[in-house]
Amino acid sequence: MSKTQGMKSEIVRKLIHFLGLFYIPAYELLGRELMILVVGLMTAIAIVLEALRRCFKIFPDFLLREYEQRGLGAYL
């Protein structure tokens, strides 16, 4: 992987992590019960995506660390 491609992948990964900040305002706007439902749904989607990734390689390799390519994704 080139240095430029490595930097791009890190930026994409950081942006994905940055999206986690939306949990705070979402919790305030949606309330506890609805937020629990949303997080549960997102977890179910992550499990399905992980299964698809393992069977069909649906994610580009630059989004995953080396240990995630061999095993479970850290997002799960």
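One-based numbering along the sequence shown.
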With a 4.5 Å heavy-atom cut-off, do Arg53 and Leu49 have their side chains touching?
-> no
ILVMFWY cluster, Val48 and Phe56 together (side-chain gap under 4.5 Å) = yes
Are Leu52 and Leu41 connected in a single hydrophobic cluster, I mean Ile/Leu/Val/Met/Phe/Trp/Tyr linked by side-chain heavy atoms less than 4.5 Å apart?
-> yes
Can you list the other members of the hydrophobic cluster that holds Val38, where links are side-chain heavy atoms under 4.5 angstrom apart?
-> Tyr23, Tyr27, Leu30, Leu34, Met35, Leu37, Val39, Met42
Can you sort out the partners of Phe18 under side-chain contact (heavy atoms from CB on, under 4.5 Å), two or more places apart, ordered by chain and number?
-> Leu21
